[in-house]
Amino acid sequence: MHPERLAYIETFGCQMNERDSEIMAQLLAQEAYARTTDLKQADVVVVNTCSIRDKAEQKVYSLMGRVRMLKEEKPALVVAITGCVAQQEGKKLIDRMPFVDLVVGPQHIYELPDLVVKAAAGQRVAVEQSNAFVIPPFLPAMESGSTYRRFVTIMQGCNNFCTYCVVPFTRGREVSRSLDDILAEVNHLAKNGIKEVTLIGQNVNSYGLDHDQATRKTFPELLRAVATIDGITRLRFTTSNPKDLSQELMDCFADLPKLCGHFHLPVQSGSNNILKRMNRKYTIETYLDKVDGLRKARPDIALTTDIIVGFPGESEEDFEATMDLVETVRYHAAFSFKYSDRPHTKSADFPDKVAEEVKKERLARLQKRLQEIFDERNREYEGQDLEVMVESTGRNKENQWTGRASANHVVNFTGEGTFVQGQLVKVHIDHACSHSLRGRLIGVT
Ligand code: SAH
Ligand code: SF4
Ligand code: F3S
């Protein structure tokens, strides 16, 4: 037996990275590394990085400053950089930070434990960033992670090459897992008490397109298959490009009660001119048609989005078109970002960059209006009865609970009884706050 060895894993970025961190934690556990949340205690530090925006990458370097100091105190510490910055920068990271032992791209996470063991034995410095990805049929161990909801990776990579986006360069081309592997994983989760599953990929609508045409299954077919698994009561997915949102997928919202009433449909801009320069391959008119189609299929569906302001060439008029769009769609929530240049991307070389002050001012204007719309949207739930999945007991008080509505809102509620995480209850909403809803229990479902 080894004395206890500890792994500290810090995760930046999207759900893909969150799931990859869980997988790495489980793989390291097989090498007798338990997970710690205390950086100072660690024998191995894994920094799972994101490169989507400049700010995300800078956060990584600031954490690495702390890791460098720790390594000076503890020379045996193994330091690994994984994720999208690892893939993007490769060996340059070791040139820049010589205290780093391992640089492992997202397509090589399954090799991490072996590399860590070798590095701990003195074989330092490895860089794994080739683009040869096979997703092993991986059945998760159940020791770590949530006891009632999980992410399941259904595909990796992206073929879309939106001109601003680094993902096709960091995650490579689309590779889908087989339907059987995914169903086996979800079945395993269901048998272990998991109630909610979120199917994840950078571009889930393209699921299966890389498989043999004769036998391949589409994303809507996959959703329907997962929805038949007993024990799973809620199903979510993310993310998808609106251009590939099919009628078959909209039909799933009408037909599958387990499929939650939430769709994250990133629009990026309200201007056709900018959408074209972004290579998004849809127009605002077709986007709005899809919004209508989704609302027809599921009238109470909550739509959320991502918006970039200050894309190169964005005029005041283009930006106003984005302001008009949010007025038309009235999103329930949205992430909005200032455009930043990313390595390898086409738009990094576009002329007519928008000045930083202009981006800042536009973002503030957009976020102010968005927040008002979210508040208006939240108030629409006052007086309604919602199905809520219990997440935890509320802080401080007895009979206070926290959960999540189908549309993904956090719901704080009062109610007498004993509930377990993952259980579905009915809550009457009395009051809308700006980031959550408040109500009282009216029954169990
Ligand atoms: N696959 C997802 C996108 C994931 S990236 C999709 O297609 O919707 C998450 C969000 O980051 C994007 O939707 C976009 O709004 C933002 N983003 C990506 N690249 C960016 C950049 N260079 N500058 C600013 N925001 C960016
Ligand atoms: Fe990036 Fe576009 Fe692919 Fe989304 S669809 S990951 S924004 S290239
Ligand atoms: Fe970031 Fe990579 Fe995800 S760049 S958003 S961690 S795919």
Side-chain angles (χ1 to χ4, degrees), residues 10-21 47-60 81-89 105-107 109 129 133 151 153-175 200-207 209 237-245 263-270 274-275 277-282 287 303-312 314 322 331 333-350 353-354 356 359-360 362-363 366 370:
E10 178 81 37
T11 311
F12 297 94
C14 65
Q15 292 97 336
M16 303 294 292
N17 264 13
E18 280 182 47
R19 176 64 188 134
D20 287 353
S21 287
V47 182
N48 196 10
T49 61
C50 172
S51 169
I52 198 75
R53 287 170 293 277
D54 190 44
K55 228 173 158 178
E57 192 174 341
Q58 293 318 319
K59 278 194 208 156
V60 171
I81 299 189
T82 61
C84 289
V85 178
Q87 186 67 27
Q88 176 190 299
E89 298 295 311
Q107 312 187 349
I109 58 171
Q129 56 165 171
F133 194 49
F151 293 129
T153 304
I154 64 163
M155 63 186 303
Q156 282 274 9
C158 183
N159 295 352
N160 284 333
F161 291 93
C162 301
T163 51
Y164 53 82
C165 185
V166 78
V167 170
F169 304 98
T170 60
R171 294 262 167 187
R173 292 301 76 72
E174 289 168 7
V175 181
I200 59 170
Q202 280 300 346
N203 197 22
V204 294
N205 290 344
S206 313
Y207 171 79
L209 295 184
F237 62 82
T238 199
T239 55
S240 36
N241 184 314
K243 80 178 165 60
D244 305 311
L245 166 53
F263 203 120
H264 187 65
L265 198 58
V267 68
Q268 313 301 356
S269 167
I274 296 298
L275 288 174
R277 293 167 59 107
M278 288 176 162
N279 193 31
R280 289 292 282 180
K281 303 197 182 94
Y282 55 82
Y287 181 89
L303 299 178
T304 60
T305 202
D306 293 343
I307 295 172
I308 298 176
V309 303
F311 187 78
E314 185 187 74
T322 300
Y331 293 103
F335 298 105
S336 44
F337 313 101
K338 283 186 288 183
Y339 168 80
S340 67
D341 284 340
R342 304 309 297 136
H344 312 298
T345 61
K346 275 202 178 151
S347 64
D349 296 329
F350 285 0
K353 296 277 162 63
V354 175
E356 191 56 33
K359 284 195 251 183
K360 220 168 137 185
R362 285 182 187 165
L363 186 68
L366 175 67
L370 281 170

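Atoms within each ligand, like the ligands themselves, are counted from 1 in listed order.
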- Message: Checking a contact table here: which protein heavy atom is nearest atom 7 (S) of ligand 3, and how many Å away?
- Response: Gln202 NE2, 3.0 Å
- Nearest-neighbour protein heavy atom for atom 5 (S) of ligand 2, which is reported as residue plus atom name and distance: Asn160 ND2, 3.3 Å
- Query: Where does Gln268 meet ligand 1, judged by heavy-atom distances below 4.0 Å: at the side chain, the backbone, both, or neither?
  - Reply: side chain
- Query: Hey, is ligand 1 close enough to Asn203 that some N/O pair sits below 3.5 Å?
  - Reply: no
- atom 6 (S) of ligand 3 - nearest protein heavy atom and its distance: Asn17 ND2, 3.3 Å
- So which bit of Pro266 gets within less than 4.0 Å of ligand 2, heavy atoms only: side chain, backbone, both or neither? neither
- Task: Identify whether NZ of Lys or CZ of Arg in Arg53 sits under 6.0 Å from the centre of the six-membered ring of Phe337 and within 45° of that ring's axis.
- Result: yes
- Query: Who gets closest to atom 13 (O) of ligand 1 by heavy atom: Thr163, Asp306, Asn205, Leu265?
  - Reply: Asp306
- Shortest protein contact, atom 3 (Fe) of ligand 3 (heavy atom only): Cys14 SG, 2.3 Å
- Those residues at least two apart in sequence (or on a different chain) that pass ring-ring contact (aromatic ring centres under 6.0 Å, His included) with Tyr164 are none
- Message: Closer than 2.8 Å to atom 2 (Fe) of ligand 2: does that hold for any N, O or S atom in Cys162?
- Response: yes
- shortest atom 3 (Fe) of ligand 2-to-protein heavy-atom contact is with Cys158 SG, 2.2 Å
- Message: Is the contact between Thr239 and ligand 1 made by the side chain, the backbone, both, or neither, using heavy atoms and a 4.0 Å cut-off?
- Response: side chain
- State whether the shortest distance between N or O atoms of Arg342 and N or O atoms of ligand 1 falls below 3.5 angstrom. no
- Numbering the atoms of ligand 2 from 1, which are under 4.0 Å from a heavy atom of Phe161? 8 (S)
- Answer yes or no as to whether an N/O/S atom of Cys84 is found below 2.8 Å from atom 2 (Fe) of ligand 3. yes
- Task: Looking only at protein heavy atoms, identify the closest one to atom 1 (Fe) of ligand 2 and say how far it is in Å.
- Result: Cys165 SG, 2.3 Å
- Note on the structure: The residue among Thr322, Val354, Ile274, Leu366 that forms side-chain contact (heavy atoms from CB on, under 4.5 Å) with Val309 is Leu366
- For ligand 1, indicate whether the residue Phe337 contacts it via side chain, backbone, both or neither (heavy-atom separation under 4.0 Å). side chain
- Query: Tell me, which protein residue and heavy-atom name are nearest atom 4 (C) of ligand 1, and how many Å apart are they?
  - Reply: Gln202 OE1, 3.4 Å
- Query: How far is atom 1 (Fe) of ligand 3 from its nearest protein heavy atom, and which residue and atom name does that atom have?
  - Reply: Cys50 SG, 2.4 Å
- Quick look: Tyr164 vs ligand 2, heavy-atom contacts under 4.0 Å, and the answer is side chain
- Any atoms of ligand 1 less than 4.0 Å from a non-hydrogen atom of Arg280? List them with their elements. 7 (O)
- Task: Identify, by atom number and element, the atoms of ligand 2 in contact range of Asn241, meaning under 4.0 Å from any of its heavy atoms.
- Result: 5 (S)
- Query: Which of the atoms of ligand 1 are close to Pro266, meaning less than 4.0 Å from one of its heavy atoms?
  - Reply: 8 (O)
- Item | ligand 1 contact by His264, heavy-atom criterion under 4.0 angstrom | no
- Are Met16 and ligand 3 in contact, using a heavy-atom cut-off of under 4.0 Å? no
- Message: Tell me whether Ser51 reaches ligand 3 (any heavy atom closer than 4.0 angstrom to a ligand atom).
- Response: yes
